[in-house]
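Below is one structure, written out as structure tokens; comments come after it.
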Amino acid sequence: MRILLIHSDYIKYRTKNKTGIAEDIPDEMMEGQFKESLVVFTAVEAEDEENPASVVENAVKEIVKVYNDVKAENVVIYPYAHLSSSLSSPATAKKVLKEMAWRIGEMGIKVSRAPFGWYKAFEISCKGHPLSELSRTIRPEPVREESGSEESEWFILYRGELVKPEEFEFRNRDLENLVNYELGRLESSGDEPPHVRLMREKGLADYEPSADVGHLRWYPKGRLIKDLLADYVYMLVTSEGAMPVETPIMYDLEDEAIRVHAEKFGERQYRMKNKKELMLRYACCFGAFRILSDSFLTWKNLPAGIYELSTYSFRLEKKGEVVGLKRLRGFTMPDLHTVCADLEQSLEEFSKQVDMCMRTGEDFQVNYEVIFRATADFYEEYRDWVHEVADKIGKPILLEILPARKHYWIAKMDFAAIDYLGRPIENPTVQIDVESGERFDITYINQKEEEANPIILHCSPTGSIERVICSLLEKTAIEMDERPPMLPVWLSPVQVRVLPIAERHLEYAGEIVSRLLAADVRADLDDRSETLGKKIRNAAQEWVPYVVVIGDSEMEGKLTVNVRETGEKIQMTLDELIETLRSETEGMPFRRLPLPVRLSERINF
């Protein structure tokens, strides 16, 4: 909060026009005139929302101190947004200003308050002595946890048995790293994760220096991978009956339900101000919930899922935490919300969505380690179900039991890949939300023909698209000494590169490329005047899965194909090569080559 304190001979104001956020006021507040007053021009700021009670207490102490020092006859609280460029929501500002006036009045001091959200003409006469003009910045104290509050309990859960982490014999380095990170035992090396170098080296993405930190520019190859992953999730969720929607990226914090839900992200809210106080979404929840609250639902419709790929979501991550693809301020999030009639139905759907999350790890060829988090009450009542879901994973998982519910969810399962530095990359998640149905006035007609609030599942089957790519690149760095680094063939920007040995082989090589493209294979032609060895090395640097060399013998017979994954050279026909690629990419989305087919025509980004 910022305040400007003026000891005045008088202040008088008159309301002119009402803004969209104006409070309703009685006639006597339409204008006012006060003599011998300490006028407190006040701007309530965004950071005050973390602990408004504290900022009121600190502000009142400072105001009363100055009031006594200057020996004013009364106090006037005057809303004045121009003191700050980072304002709180209007609802918070109104609450804080009213509370300040009430608290000062309770001390026996005569206090008045000018109305909030009105354009006002005012006139003030400052006394001009040394204490007559003072400015103060009032900070809220951090919210303190109640003394003696219980902490979470942690266990390794496997086949129905619970073991304390310190007593567990780890046979999986990734799980051990995850446990150490969650329990605060993993020290930071300070090194840059290798995917940052790889995303640049492979021409996928880079930092955008002209934007806010944590926003990237994407080059054609990286954009292709993003689009394929988006297509993949779309296919995955719609095959399970989800209905795609699209909603706005910014929301009015004057909406009480949205403001309360947004406050759960605290200072990581990405705000902007025009005539309204707006927040850029951090997921698709707001839009999805508003669609659902405006829809007529009955028990016969449930469960019902709506899906959106948020391009983009925004979180104001701390500048020092923003790195590469792992933690961004602007990112792409696949977001599925499933409306369930009751908790029993939500448990059934949760289990199905866990299967979907596990499938993504298999399709991306990425290992996930898993954390199941639940409140103590939920775990006690549904212990058998929790163990049953955990058994699906097929290996030990980390279990966190929270003493009480702190969030909108009562249970969630988080899947994380582990990066080269041993740190988790948060990927898929499934959550059981027991608050939002009521908060956003989402209702359905149950079998008794009564209105009821549903349970809502939040699920991102992959986590953010950027983190999927991060996981894939980090995996290649981890496995570098064991196998040639590469992406899954269906995600490889170039799947086949054709290399003519000499000029006389160029035309035939071009025919091979044309046939591959016609068969929905992303193929290109290295027609540059380079040695064959350099062309092969260049294809290897780009992680091209299949490299076809065309010489005299290949023009007469079978093709010579270099297979990156195995390092083999195989003789095969073109039809056999096409069939091999179809087999490897079966069931996965396809998009065409996003670059000129001939390497000689390409831009060096």
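Residues take their numbers from the sequence shown, with the count starting at 1. Everything numeric here is computed off the predicted structure, so don't read it as measured data.
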- prompt: Distance from L473 atom CG to E201 atom CD, nearest 0.5 Å?
  reply: 10.5 Å

task: Evaluate side chain to side chain contact (heavy atoms under 4.5 Å, CB included) for T332 paired with S313, printing each intermediate quantity in order.
output: CA-CA 6 Å; T332 312; S313 287; over 6 Å; no

query: Closest approach of I425 and S471, non-hydrogen atoms and distance?
result: CG2-OG, 3.7 Å

statement: Output for pair (W218 CH2, R223 CZ), nearest 0.5 Å, gives 10.5 Å

- request: Please work out whether the ring planes of F415 and Y368 are parallel, tilted or perpendicular, with thresholds of 30° and 60°.
  value: perpendicular

message: Working to the nearest 0.5 angstrom, can you tell me the gap between T238 OG1 and Y307 OH?
response: 9.0 Å

message: Using a 6.0 Å cut-off, check whether atom OH of Y234 has over 12 heavy atoms from anything other than its own residue.
response: no

query: Would you call K226 and E466 a salt bridge, taking side-chain N to carboxylate O under 4.0 Å as the test?
result: yes

message: Check for me whether the distance between the ring centres of F364 and Y232 falls short of 6.0 Å.
response: yes

query: Can you tell me how far CG of D252 sits from CD1 of I258, rounded to the nearest 0.5 angstrom?
result: 7.5 Å

- line: Tested for side-chain contact (heavy atoms from CB on, under 4.5 Å) against L398, the lone hit among D414, L183, I371, L157 is I371

Enclosure of K164 NZ (heavy-atom neighbours >12, cutoff 6.0 Å): yes

message: Can you confirm whether or not the ring centre of H458 sits under 6.0 Å from the ring centre of F289?
response: yes

message: Could you go through S89 and E254, starting from their C-alpha distance and side-chain angles, then the distance that decides it, and tell me whether this counts as side-chain hydrogen bond (donor to acceptor under 3.5 Å, both in side chains)?
response: CA-CA 6 Å; S89 69; E254 185 67 7; over 6 Å; no

message: Looking at every heavy atom in both C284 and D335, which two are closest together, and how far apart are they?
response: N-OD2, 2.8 Å

field: For the student: nearest non-hydrogen atoms of R423 and Y181, plus distance
entry: NH1-CE1, 3.1 Å

